[in-house]
Each structure stands twice: as structure tokens, then as C-alpha cells.
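See structure below.
Note on naming: letters A, B, ... go to the chains in the order of the sequence lines (proteins, then strands), and numbering restarts at 1 for each one.
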Amino acid sequence: MAGLATVVLLVLVAVFADFLASRLPIYLHFEGETYWFPNVRDPPALRAWDNDRLEEAFGEDDWAVMPLVPWGPNQDDLSMGGASARPPDGRHPLGTDSVGRDVFAGIVHGTRIALSVGFVAVGLYVLIGIMIGAAAGYFGGIIDSVSSRVIEVMLSFPTFFFILTVQGLLPSTSILQLMVVIGLTRWTDVARLVRAEVLRVTTHDYVMAARATGATDLRIVARHVLPNSLGPVLVAASFGVAGAVLVEAALSFLGVGTNIVTPSWGRILNDARSTNYPWWTTFYPGLALFFTLTAYNVVGEGLRDAIDPRLRGDLG
Amino acid sequence: MIPTFFGITIVTFVLMHLPPGDPVAAQVGEGGMRASAAANAELIEEYRRAHFLDLPLFVNTRPDDMPKQVQRLVERLPDPERGSWAARQLVLRGGIILPVLLPKLARLPEEQRAGALAVLSRIAERIGATEDLEQAADPTAFWTGYWELHRIDFRPANADRLVRRYARRGSPAVLAELRTLDSFIVPSVVDALGRDPAGGELDRLSTLISLVTGREVVYRVGEPESRRRETIADWKEWWFKHESDYATFRGPARFVAMATETRYFKWASRIGSLSFGLSSRDQRPIADKLREKAPVTLLVASLSVFFAYLFAIPLGVFSAVRRGRLADRAIAVVLFVAASMPGFWVGMNLIRTIGRAGWLPIRGLTSAGYEEMSLWGKAIDLTSHLAMPVFCLTYVSIAALSRYQRVAMLEVVRQDYIRTARAKGVAPRGVIWKHAMRNALLPVVTLLGLQLPFLLGGSVIIEQLFSINGMGLETFEAILYRDYNWTMAVVTLSAVLTMAGVLVADILYALVDPRIGFGGRRSRGR
């Protein structure tokens, strides 16, 4: 339950990242104009402004509702002079990185990146895996042997290493591309699971019964076989999200993950490494990463216990 | 195995062609600003050749060979713009074009013949025929006569024989004879280089081939062994790229060339020969670099595997024995938490605390002055350098392995033979460590083969973090530098090793468990 609660919390943080940390206020009354949610909409009239300067320029009846931390993830605070990482203080609750970007804002918005990479990449490869695995398991024959060969080949490549190579060789990096690369390289495990389950399920009587009533192949697979074979996939997907989040962070840490303007936990860690490891940029993003991985692993663990009670009793 | 290997080479091949756009323009463009357009065009052509971008991907319906190239270049000779370039290319080819050009010299159209004669007069200098040529009234007649006289010498068997004799003894008379054949001897010399010549022979062979190709890469007697290997590798690499400038595909060779003169085959044969060519970063043979870097990574990886098993097995057995009790739960939670901590983050925090306090070194595997230390000092130095990287790689594996061990143990203690052992009065300790653990060990030990991919991926980050100069760090830099040869070698090797690991795991399984056989049904769905 704690795992699920953490996952929900993470999703909320990701969705409301703009309300937790943003360059602009949530509500602003300024120079006679009223702005609703400039933090989300980023109106053109306020492009040149940020929370700090707005507050200085406030007149008599100007007022605003500020986000929790009044800094955006890519906004550099150079007000304190030269660019260097600054420790946590009243202005920046978790300090700044070496170019003056707020660490808290980076972590909050990094949640968004981490989770979206996790969900989209895993969603993509679960989809691919289910389609290929189901086709291989249900139809057998040449489809099965061809897809088994392909899976065998893909499994031979060490995953992280393979993804790193693809990301590194492609000329530019973006978050969408990273999702696709992870999705296209990691579907093999899901395909194998689905294939094995489909092979098991198709021998059951109710599939025979469906066939006897004249249902089409597509209907049998979609209505009878797949719903009964997706248990293990759910487990794999949950661990898979943790894996994808870790891959994203590790690649960004190496500098080949997402684009340099994308706030990501790995980017902050990378910054920490290049500036002799200040404790606030080293510790906090990793902590966020750690919580995310733990949460998804706990959820995966729980799902596995529910599906395969033989292994139960590990975590009480 | 074989189809899988084929698949691996295909995937790697596709991977290397992944960067969209014209890689030539990207690579040459960087340094091409000051060069003129013509020089740039030649640079691009050279680059395309070097990376086989002029070849089709999988099937070459019209393989290009030396005679075809010569014909094309001769036709281009009268062209005012590209003519001088074509002439230079022909002169560069040297004597090997004589058997193609001379027999049909008389039949060439007028303007082409003029160009060809100019080319031939340059080649005449190299084969020592200038004097005779100047005395001759009609150069065309001279060359036709020359060919009548010397065609008997322009036979591969003759060139082979002369090269072999010269390599063995180095007599000046043979050298003079070889000079008259000029670059016709290149295939023979390359052949001789392939037989791994010793220092003295290589000295003469490399001098010879440098002389006729105008490419100065020579080994001198007395230079170190590594230079000898590098020289041979360098010439092999050159031949790999320029074979079609010297070879003639005729008859069955033509059909073979349809498959071999393709980009895919060039890549695949590199993998098959395990030489992998030269690294484009420092022009060193990749095999040599692998020999130098792989032991570092393997040292870290094998230590990590060793410690992982050392801790994981007792932990797993212990928590299986204490199943459901506080100790079991505590271990499970601690290991679970540990497995969720990214290794590089733990490493960064270790560097920040232990490293900064000066307790353990944070860079490389050895300190400065390692060579002068005593044996004991070396051991201490190496251990202190290895401690943190090995720890970062190990603790994650401990969690997974001990889990497997625990499950296997729980499975085993339910078996009848354990009950039998208990019933006949074996002490509980003996039941656990002798009867149960031996059987429970098997599935965990067979996992050994599957540790490799994990460790390879981990080594990239950990070596980067601790500045360890091994395969991981080299690979990462190679990827950023677009050193395709190195990247391809490592990706393929890692895939092949993983495949081998899975195979070893399967075989171990079958060996230790008589219920699983090799024949008939596949046992594990792979």
C-alpha cells in the first residue's frame, strides 16, 4: 500500500509540478491586469518577467499567489553574483546547481520527465510485446519461430549498453526519442511472458468453447486469451517503469539522455559530478530517484505476490 | 547459435547506420571550411571509401574492380575539370594498371590515348623504362612492344615468387626485378603480410609496399613488437579498404564479389576475423586496445561477481532457514532498499564522503609511482582503489542473488530427501548445509552466465565515475567520438558473450539436473 501511495504522490507531483515550482505566480494581479495560472500558460506579456522581478516591481494593488518555490526548473538565479552552486538557504530550499538553477524546481519538474519516460516507454514496449507474444503463442508455426529468433537476438544485447549506444550515436537527443529507443529495445521480456501465458491459456476449455461457437481468431485472442494472460505482464510493467526511470537518469547522468534543456534528475547529478559533488546537488536528486524506484519495485513485488503466492512473505 | 549470430551482426550493422543524414558531410564539413571545393570533394570521396559508403548495403549487382575503375578513369581523362584528378588516380594505381591499359592502348580514341600516354610516362619512371621510352619514335608502338615483351612477367604467380624470395633474403637483384612490376606486386605483398612475417621480413615487405603505393608505413628491424603488430594491422586495414583498386573479379570471383563487395559483408567479415580494424580515434588496432582495456574491466567485474556470491549465498540460506522471522524480514527489507539505490548515486555519495575525507582514492586503479612499490604496497594500493567501484557494482547483485538462493532453498527443504535426512537423525546444521544447500546452489550458480550484461552496462557508468581506464570508459568516449569500429566491436562482443553466457547457463542446467535433456523439446523457452 505504501508503494502505491508513493506512486500516486509522484504522479501528483508530476501533474502539479507547475504549482510547486514555477517561474511565474499561480495568480497574478499586476498593472491593472489579472492573470489566471500564468505558471501554466506562460502568457506572452509576462515572458520577460519572473517572480523575483515581479515582486520588486509590485505597485499598491498588485498582488500574487506564489507557487511553493518561486523558481522555474531552467531559470538561473544569478542575483548572488558569479555562477556557482549555492547551498540551501531561504531563497532556494534545496540550493542551486552550478549555473544557478533551483534544485527543488529541477527535482519537481524532473519527476514529470522521469514518470513520462517510464510510462510511455513501458506502455510502448508492453504494447509491442503483447502483440508479438500473442501472435507467436496463438498462431505458432512460422510466426512463432521467426519472432522467437528475433527475441533471441535482441536478448543477446545487454540492454543498458545497447540503449546507451543507440542514444549516443543518434545525432540529437530528446525525451520522445529516448522513450522510443527504450520501447523498441526492451519489448522482448514482455513478448516472452505473453507467449508462454498464451500457450498455457489456449489449452483451456473455454478457448475451445469459444472456437466451437465460431468466434474469430481476433475475438478469441482479444476477449478470451489475453485477459487471462496479462497477470505476469503487469508485474513486468511495474518493474519496467522502475527500470526505464533508472535508464533515463543514468543516461542523463552520462549526458546522452534527454535534451540539455529538459530538467531531469540525471541532469542535476551530472552537474554535481562536474562541480566536485556539492552535497545538495548530489544527494537530493538521487533521493527522488531512490524513492521512485522503491515505490515501483514495491508495487511490482505486491503484484507478484498476488499472482504467484509461492514467493510471498518477503516483505511482510 | 549461427542464426542468432547472424541476427546480431545484422542488428549491429543497422545500428551503425542509424545516424540519419550524410555522415560524410558531417565529418568532413568540420575541417572542410578552409579547403577548396575540389579538395573537399576528394576528401569526401576518400572518406566514403574508408567507410564503404560507396558500396551498396547487402547485394552488389555490379561489383567494382580495378579494370572497371581504370576504364572509367581513362574515359574521364579528356575532361578539362576532372581530367587531372583522374590522371593522378591512375598514376597512383601504378604498374597494376598496365595489364589492363596496354593491350587496348592502340584502340583508344585519340584524346583518351594522349592522356593515357601522359599517365604511362609517369609510370615509366617508376618501372625504369623512361630512357627507352624517350628513345622510341612512337610511344604507342613502344608500349605495345613493351607489353609483348613483358606480359610474361605480369603474372600473379611470378609476383608471388619474387616477393617471397625478396622477403626471405632481400637480394638487390630481386628488388630490381620487383621494381619493374611496380604495384602489380601489391596483392602478393599483402598475401605475404597475412602470413605474420617476422621482423626482418616485415621490414623488407613494408618498405616494398610503401614504395609502390606511396603510402609511408614502414617497420624497421629493432622496433618493438607492438609496432610490428600495428604495422601489419595497418596494412591489412588499408587492403581491406582498397582491395577493389588492385583486384580483378573474373569468373566465379565475380559472383563472390557480388556478396563481398557490400557494406554489410565488409562489417561482418571484420567481426568474423576478430580483428575489427583500427580505432578511428587513435589509429591503433582495436584488437590491441581490447587486450589492453578488457583486463581492467574484467578484473572489476570478476571481483564483483565473486563478492556478490560470497555474500549472497550465506544470506539467502540464512533467511530461508529463518523464514518469516524478524531476521528474514530485516534482511529482505535492507536488500530491497539496497537494490533500489542506483549504483552511480551511491558511488557519488561515497566519493563525496569517503573520497573527500581522503580514506580511499577516487581516481583510476593505481596511484602515481605504482611501478616502484613493493609487492605488498602494490596490493594495498590496488585494493584501496578497487574497493569503492567494486562495492558499487556488487551490492545490487547481492540483493537479487540472495533472493534466488532463498527461493531455491525454500523449494529444496520441502523435498522428501530432506525429510529422510531429518528422519535418519542428521543434525539440523548438517541437513541445511549438506543436503539442502548443495541442491539449492545449482540454480544460483547457473545464473553466473547472466551476470555479464549487467556488469558491462554497469562498468560504463562506474568506470566513468571513478576514472578507471577500462572498456566501459573507452566505449563511452568512443560513442561520443563516433568511433564506429570500436563501438561495433564492443557491441558485438558483448552480445556474443551474452549469448555464450546463456548457452553456458543452459548447459550447466542440463549437466546438474538429469531431468533436463539436450535433445527434443527445448527446456527453457529460449
Legend entry - Cation-pi geometry met for A:Arg273 and A:Phe253 (6.0 Å, 45°):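 Yes; both conditions hold, so A:Arg273 lies above the ring face of A:Phe253.
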Segment of [X] engaging chain B (4.5 angstrom heavy-atom cut-off):
X        : result
A:Phe160 : side chain
A:Val150 : neither
A:Pro285 : neither
A:Phe162 : side chain
A:Leu287 : both

Inset, instruction - Name the region of B:Val490, side chain, backbone, both or neither, that has any atom closer than 4.5 Å to a heavy atom of chain A. - result: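 Backbone plus side chain of B:Val490, per the 4.5 Å heavy-atom cut-off to chain A.
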Legend entry - Under 4.5 Å from a heavy atom of chain A, the part of B:Phe5 involved: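 Answer is neither: B:Phe5 stays 4.5 Å or more from chain A.
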Legend entry - A:Glu301 with B:Arg403: basic N within carboxylate O range, under 4.0 Å: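 B:Arg403 and A:Glu301: salt-bridged.
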Inset, instruction - Classify the ring geometry between B:Trp345 and A:Phe290 as parallel (under 30°), tilted (30 to 60°) or perpendicular (over 60°). - result: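 Parallel, since the angle between the ring planes stays under 30°.
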Inset, instruction - Could you walk me through whether B:Glu411 and B:Arg323 pass the salt bridge (charged side-chain N to carboxylate O under 4.0 Å, His left out) test, one step at a time? - result: CA-CA 12 Å; B:Glu411 190 87 346; B:Arg323 181 186 190 188; over 6 Å; no
Taking every heavy-atom pair that is under 4.5 Å apart, which of [options] has the most such pairs with chain A?
options                                : value
B:Thr353, B:Asn349, B:Thr492           : B:Asn349
B:Leu480, B:Leu465, B:Ile10, B:Val496  : B:Leu465
B:Ser459, B:Ser319, B:Ala500, B:Ser494 : B:Ser494

Legend entry - Test item: A:Trp280 and A:Leu94 side chains (from C-beta on) under 4.5 Å apart, heavy atoms: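 No, every pair of side-chain atoms sits at 4.5 Å or beyond.
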Legend entry - is_close_aromatic(A:Phe157, A:Phe161), centroid dist under 6.0 Å: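 Distance test on ring centres: not under 6.0 Å, no.
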For residues 240-251 of chain A, run the donor-acceptor check on the side chains, cut-off 3.5 Å, and write out each pair with its distance to 0.1 Å, sequence neighbours left out.
| from | atom 1 | to | atom 2 | distance (Å) |
| --- | --- | --- | --- | --- |
| A:Glu248 | OE2 | A:Ser252 | OG | 2.9 |
| A:Glu248 | OE2 | A:Ser264 | OG | 3.0 |

